[in-house]
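Heavy-atom basis, side chains included; hydrogens, waters and symmetry copies ignored. We name chains A, B, ... by the order of the sequence lines, and we start the count at 1 in each one.
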Amino acid sequence: MVVKVQQIDACRWRIPREGDMRTDGLVFANRAMMDALKKEHALEQVRNVATLPGIVGPSLAMPDIHWGYGFPIGGVAAFDDQQGVVSPGGVGYDINCGVRLLRSDLEVQQVRPHLQKLADALFRNVPSGIGSHRRDLKLTVAQERKVLQQGARWVVKQGMGSERDLRHIEEGGCIEGADPDLLSDRALERGLDQLGTLGSGNHFLEVQMVEEIREPQLAQVLGLFPGQVTVTIHTGSRGLGYQVCDDYLRIMLRAAAKYGIKLADRQLCCAPLNSPAGRQYLAAMACAANFAFANRQLITAWVRESFEQVLGQSAEALRLSVIYDVCHNIAKYEQHVVDGVRRRLCVHRKGATRAFPPGHPDVPECYRGIGQPVLIPGDMGRYSYVLVGTEAGFGETFGSTCHGAGRVLSRHAAKKVARGRRIEEELAARGIVLRAAGRGTVAEEISEAYKDVMEVVEVVQKAGIGRIVARLRPLAVVKG
DNA sequence: ATGTCC
């Protein structure tokens, strides 16, 4: 089915309300992106989301939008806390898939001679690949329940990381209201030995250098300088989060029928926010989100140890500290002003990043003057970006921006393009060291499989919903 | 994204 789209300006497109839609769709994209989008089904998904009960404001799509389960990846949708719904498809299978950025005092020339060894250490210390698990850290169920309730704080209590780390994580590294009793035995079982593992797909661990600073004053507040070595951790809630999503999709199909919610697509299955099923999903989702926060905190500990092993200096001496940690897949209650009225909304961000403005109380105090750091990974061969949130974005997108480059080739198509090529050698020729658990994943993750993230963040900046601070270039990449 | 089909 063809979706009607009206251009608003150079980077905004409206999908006007029609049929069962309760609101407009609003897509952020340049013309080339929109031309490509018209050939796939992601815009239909933006329209479908607009049919859900209690949606407030438009059904939003960021410039990295692509087709997802029910809701598009790159989608943002806010729902009224009384009339609205919550949908597992609006969060995604990898609950609290997210990105953490670490800084250091190291300059690139200090690290380059040790890059091979550093990549080896990171690859050895952080299990990667599908089904990756830790033999050295098998939790008891009692410990796991604490992880699910406390998130990153549990890891800090075990002596790995600091209070300062926790202050530099979205929500302080813990979503309130997590109830482990709402998880299936299977979800709990899958999490027992996966804490501190990277996983597969687009997840990665990367040593990078600051390649370009666009906003020196903002960069200084973030602790970034040109030529500096940084580390990005991109992973989520692993098999546990997948299982939570899968379990609740079944529950939500029944709930949607029970509450008479008409679904444009079964994958949009959902329940009223104030129903038992809705509340239970949010409490189970919080468990998975906290598992992901703990996962990134534990991986941070192993990154610090890896640097210590290879460079012979303590992580404290290297000032290897957390700049910020963002969620890319989550639904959260937030206060927003809509048409002049302050409302409590459940904002679904699926493949989208919260980007709160300067002055917002949920932005850590040290960044309150510049806005929330927004971490946007690109692909493993090019670069990633650091942005901050804006006041205009808070008003227009519920304080949200893109989350990454967005795929242009399916995994299958990417493998076909990569066939016969030596991707590791191609990256080496560009000064990038690669360590990967599986060749298949590397083929799926080639640069050509993704949009140029520079174009994506330029749309965000032009639209005024985010402000570009710095670009990071990969030096060593660990993949699943 | 995912012990890529309990």
Side-chain angles (χ1 to χ4, degrees), chain A residues 42 45 64-75 87-100 126-135 137-139 144 183-205 232-250 267 284-285 287-289 291-293 295-296 299 326-331 348-353 377 379-380 402-407 409-416 436-445 449-450 478-480:
Chain A
Q45 296 189 311
D64 50 340
I65 178 184
H66 53 113
W67 186 85
Y69 185 93
F71 288 56
I73 296 161
S87 174
V91 171
Y93 267 90
D94 190 4
I95 296 165
N96 192 8
C97 176
V99 172
R100 174 179 291 213
V126 183
S128 59
I130 188 153
S132 50
H133 59 277
R134 298 202 78 102
R135 289 187 189 162
L137 188 85
K138 170 110 181 174
L139 301 172
E144 186 186 33
L183 268 56
S184 66
D185 290 343
R186 199 158 160 218
L188 291 170
E189 200 270 325
R190 289 183 76 170
L192 288 174
D193 63 355
Q194 288 196 328
L195 196 63
T197 66
L198 198 59
S200 183
N202 64 358
H203 290 164
F204 66 81
L205 177 52
T232 290
I233 299 162
H234 178 200
T235 185
S237 51
R238 309 285 290 101
L240 181 140
Y242 178 98
Q243 195 61 47
V244 169
C245 179
D246 210 40
D247 291 340
Y248 277 85
L249 283 170
R250 281 174 242 283
Q267 294 183 354
M285 183 210 72
C287 290
F291 188 88
F293 282 134
N295 194 22
R296 295 195 285 274
I299 290 173
V326 296
C327 313
H328 283 169
N329 285 3
I330 204 156
H348 292 58
R349 296 191 183 88
K350 179 189 191 177
T353 314
D379 62 79
M380 64 181 175
C402 64
H403 85 308
R407 272 195 176 273
L409 297 180
S410 69
R411 289 177 188 187
H412 183 75
K415 273 185 167 162
K416 227 167 117 179
R439 283 189 59 84
T441 303
V442 172
E444 289 170 3
E445 292 292 308
Y450 288 92
V478 175
K479 291 289 294 184

Name the nucleic acid region contacted by [X], choosing base, sugar-phosphate or nothing; use a 4.0 angstrom heavy-atom cut-off, strictly under.
X      : result
A/H203 : sugar-phosphate
A/G236 : nothing
A/E189 : base
A/R186 : base

Item to check | Comparing A/R411 and A/E444 on DNA chain B - which has the more 5′ nearest nucleotide | outcome: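 Result: A/R411.
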
[X] [atom1] to [N] [atom2], straight-line distance once rounded to whole Å:
X      : N     : atom1 : atom2 : result
A/N295 : B/dT2 : CG    : C1'   : 14 Å
A/E445 : B/dT2 : CD    : P     : 11 Å
A/K415 : B/dT4 : NZ    : P     : 13 Å
A/H133 : B/dT2 : NE2   : P     : 15 Å
A/D193 : B/dT2 : CG    : P     : 14 Å
A/D246 : B/dC6 : CG    : P     : 9 Å
A/D94  : B/dT2 : CG    : P     : 6 Å

Next on the checklist: Let's see if you get this right: which residues in residues 237-245 of chain A place a heavy atom under 4.0 Å from DNA chain B?
Outcome noted: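 Those residues whose heavy atoms fall under 4.0 Å from DNA chain B, taken from residues 237-245 of chain A in numerical order, are A/R238, A/G239, A/Y242.
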
Next on the checklist: Taking salt bridge (charged side-chain N to carboxylate O under 4.0 Å, His left out) as the definition, give me every residue that meets it alongside A/R238, ordered by chain and number, with sequence neighbours left out.
Outcome noted: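 Counting only residues at least two positions away or on another chain, A/R238 forms no salt bridge (charged side-chain N to carboxylate O under 4.0 Å, His left out).
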
Checklist entry - With sequence neighbours left out, what residues match A/D247 under side chain to side chain donor-acceptor pair (under 3.5 Å)? => result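 Checked A/D247 against side chain to side chain donor-acceptor pair (under 3.5 Å); matches are A/S184, A/Q243.
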
Item to check | Sequence-distant partners of A/S128, side chain to side chain donor-acceptor pair (under 3.5 Å), two or more places apart | outcome: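 Partners of A/S128 under the side chain to side chain donor-acceptor pair (under 3.5 Å) test: none.
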
Next on the checklist: Using a 6.0 Å cut-off, check whether atom NZ of A/K416 has over 12 heavy atoms from anything other than its own residue.
Outcome noted: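 At most 12 heavy atoms, drawn from other residues, nucleotides or ligands, come within 6.0 Å of this atom.
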
Checklist entry - So A/F71 and A/H348, would you call those rings parallel, tilted or perpendicular, with 30° and 60° as cut-offs? => result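 Answer is parallel, since the angle falls under 30°.
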
Next on the checklist: Applying side-chain contact (heavy atoms from CB on, under 4.5 Å), can you list everything that pairs with A/H66, at least two apart in sequence or on another chain?
Outcome noted: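 A/H66 satisfies side-chain contact (heavy atoms from CB on, under 4.5 Å) with A/E40, A/I73, A/R407 once adjacent residues are dropped.
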
Next on the checklist: Going by side-chain contact (heavy atoms from CB on, under 4.5 Å), name the residues that satisfy it together with A/R250, two or more places apart in sequence or in a different chain.
Outcome noted: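 side-chain contact (heavy atoms from CB on, under 4.5 Å) check on A/R250 returns A/D246.
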
